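Bear in mind the structure is a predicted one, so any value in this text is a computation, not a measurement. Values below: every heavy atom of this structure, side chains too, minus hydrogens, waters and symmetry copies.
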Amino acid sequence: MKDIQALLQLLDLEPIEEHIFRGQSASIGSKRVFGGQVLAQALQSAMRTVPEDRFVHSLHAYFILPGDVAQPIIFEVDRIRDGGSFTTRRVKAIQKGRAIFNMSASFQKQQEGFDHQISMPNVQPPDALMNWDDLLEQMGDRLPEGIRKFLEIAHPIEFRPVERVHPMLSGKQQPIRHVWMKSKGAMPDQVTAHQAVLAYASDYNLLTTALLPHGDQIAKTKIQMASLDHAMWFHRPFRADEWLLYAIDSPSGSNARGFTRGSIFNQEGVLVASTVQEGLIRPVEG
């Protein structure tokens, strides 16, 4: 997908029955469906079933089976609750008759209440940094083949990492990363479109942060990686076509799993969303 319009088209699901939708997939270098894609499509399917004055404030998802990028995905939405202030939906994604993913999402009316937030980290602004294309041109010969092919694929989101480190090239590093991101191209004003695109983008850069303390070991073996679960909270309004800072850390890695957290800020330092993800990280023998 070369730009944001291609992603928005991918997220425009086909209704095939009441509360049932069908989506297609786009590869980002693997035969498996990208987790951020199925997450954003599931959120979009849930959004289609809630009142227009309610917006997602949280979602909790589990990746059950690898998705086949060549097969369509069926999304079944279960209307769990429609309350006075909150609406709850459950979504199951199905391929070949089996559930590959499920998600619960909660939607809320805009309401007044207490307000506070943590401060945004003091990092370089995006205009002073290279994007993935620039880094590929500069470091291409030193990158592992799989990483190089991943970066060569056109992505609908532009990423500009603050720290120029790579888990397989830089030895042992602290499990902390900051990445600026925004859509490639302008987006419509629709709030739900920006939320779905941010859900898509939130699956990038998270799990690889858990590799940073283990660069010496990772360089010597192949690694199997897969997202296991993903949670996200939407705190305040934002635009996904304006620069957002993804501040990520990995507090723990154990039992072949990496645990990661993310805080997403706009350029004015407003905390707009938070994420948590755990993923499989283990050496591949043979």
Side-chain angles (χ1 to χ4, degrees), residues 28-30 32-40 42-43 58-64 66 101-105 117-121 123 132 146-147 150-151 155 157 159-181 195 197-219 221-235 238 240 244-265 271-284:
I28 62 167
S30 170
R32 297 182 174 184
V33 175
F34 173 52
Q37 176 203 301
V38 70
L39 182 76
L43 176 58
S58 70
L59 60 84
H60 301 262
Y62 282 92
F63 300 92
I64 302 169
F101 169 95
N102 64 33
M103 181 189 78
S104 294
Q117 68 161 80
I118 60 174
S119 299
M120 182 174 75
V123 300
W132 279 3
I147 300 298
F150 171 75
L151 293 178
H155 299 271
I157 309 297
F159 297 98
R160 295 192 179 188
V162 175
E163 296 87 7
R164 295 181 58 185
V165 298
H166 190 280
M168 299 181 185
L169 300 176
S170 304
K172 296 182 178 180
Q173 301 287 331
Q174 289 295 312
I176 298 172
R177 177 182 290 178
H178 303 87
V179 182
W180 290 98
M181 59 186 180
Q195 291 180 323
V197 167
L198 187 60
Y200 174 89
S202 71
D203 196 32
Y204 284 94
N205 298 297
L206 265 178
L207 193 53
T208 51
T209 303
L211 297 179
L212 292 174
H214 312 286
D216 293 341
Q217 298 168 270
I218 292 168
T221 184
K222 292 183 179 179
I223 300 294
Q224 180 184 6
M225 298 179 61
S227 301
L228 296 173
D229 58 19
H230 190 105
M232 191 167 187
W233 294 263
F234 298 84
H235 307 306
F238 64 91
L244 299 169
L245 177 67
Y246 206 175
I248 306 168
D249 72 334
S250 176
S252 176
S254 65
N255 199 31
R257 302 190 314 273
F259 176 72
T260 55
R261 306 178 297 193
S263 298
I264 302 173
F265 301 85
L271 180 67
V272 302
S274 299
T275 60
V276 173
Q277 184 180 94
E278 191 171 52
L280 176 70
I281 302 177
R282 65 185 175 194
V284 178

Surrounding CD of Gln224 (heavy atoms of other residues, nucleotides or ligands, distance under 6.0 Å), is the total greater than 12?
yes
Given side chain to side chain contact (heavy atoms under 4.5 Å, CB included), test Phe234 with Ile264 step by step and report yes or no.
CA-CA 9 Å; Phe234 298 84; Ile264 302 173; over 6 Å; no
Any chance the side chains of Asp203 and Gln277 put a donor and an acceptor closer than 3.5 Å?
yes
Indicate whether any N or O donor in one side chain lies under 3.5 Å from an N or O acceptor in the other, for Gln117 and His235.
no
Can you list everything that forms a salt bridge (Lys or Arg N to Asp or Glu O under 4.0 Å) with Arg160? Sequence neighbours excluded, please.
Glu158
Got a second to check how far [X]'s [atom1] is from [Y]'s [atom2], nearest 0.5 Å?
X: Phe265; Y: Leu244; atom1: CZ; atom2: CG; answer: 11.0 Å
X: Gln37; Y: Ile28; atom1: CD; atom2: CD1; answer: 9.0 Å
X: Leu245; Y: Trp180; atom1: CG; atom2: CH2; answer: 4.5 Å
X: Ile281; Y: Asn255; atom1: CD1; atom2: CG; answer: 12.0 Å
X: Asp249; Y: Ser263; atom1: CG; atom2: OG; answer: 7.5 Å
X: Thr209; Y: Gln173; atom1: OG1; atom2: CD; answer: 12.0 Å

Does some side-chain heavy atom of [Y] sit less than 4.5 Å from a side-chain heavy atom of [X]?
X: Phe259; Y: Val276; answer: yes
X: Ser104; Y: Leu59; answer: no
X: Ile248; Y: His178; answer: no
X: Arg282; Y: Ile223; answer: no
X: Thr208; Y: Met225; answer: yes

Closest non-hydrogen atom pair between [X] and [Y], with its separation:
X: Ile176; Y: Leu212; result: O-CD1, 3.8 Å
X: Ser202; Y: Leu39; result: OG-CD2, 4.1 Å
X: Val38; Y: Phe63; result: CG1-CE2, 3.7 Å
X: Leu43; Y: Gln195; result: CD2-O, 4.1 Å
X: Pro251; Y: Thr260; result: CD-CA, 4.4 Å
X: Ile157; Y: Ala201; result: CG1-CB, 4.1 Å

Indicate yes or no for a side-chain donor-acceptor contact from Ser227 to the backbone of Gly35 under 3.5 Å, with no hydrogens or angles considered.
no
Could you go step by step and tell me if Thr275 and His230 meet the side-chain hydrogen bond (donor to acceptor under 3.5 Å, both in side chains) rule?
CA-CA 7 Å; Thr275 60; His230 190 105; 5.4 Å; no
Check the angle between the aromatic planes of Phe34 and Tyr204 and answer parallel, tilted or perpendicular using the 30° and 60° thresholds.
tilted
Are Phe101 and Ile64 close enough, and set up right, to give a side chain to side chain contact (heavy atoms under 4.5 Å, CB included), and what steps lead you there?
CA-CA 5 Å; Phe101 169 95; Ile64 302 169; 5.6 Å; no
For Ala231, the side-chain contact (heavy atoms from CB on, under 4.5 Å) test, sequence neighbours excluded, returns His60, Trp233
Under 4.0 Å between a side-chain nitrogen and a carboxylate oxygen: does that hold for Glu278 and Arg257?
yes
Derivation of the side chain to side chain contact (heavy atoms under 4.5 Å, CB included) call for Glu163 and Val179
CA-CA 8 Å; Glu163 296 87 7; Val179 182; 5.9 Å; no
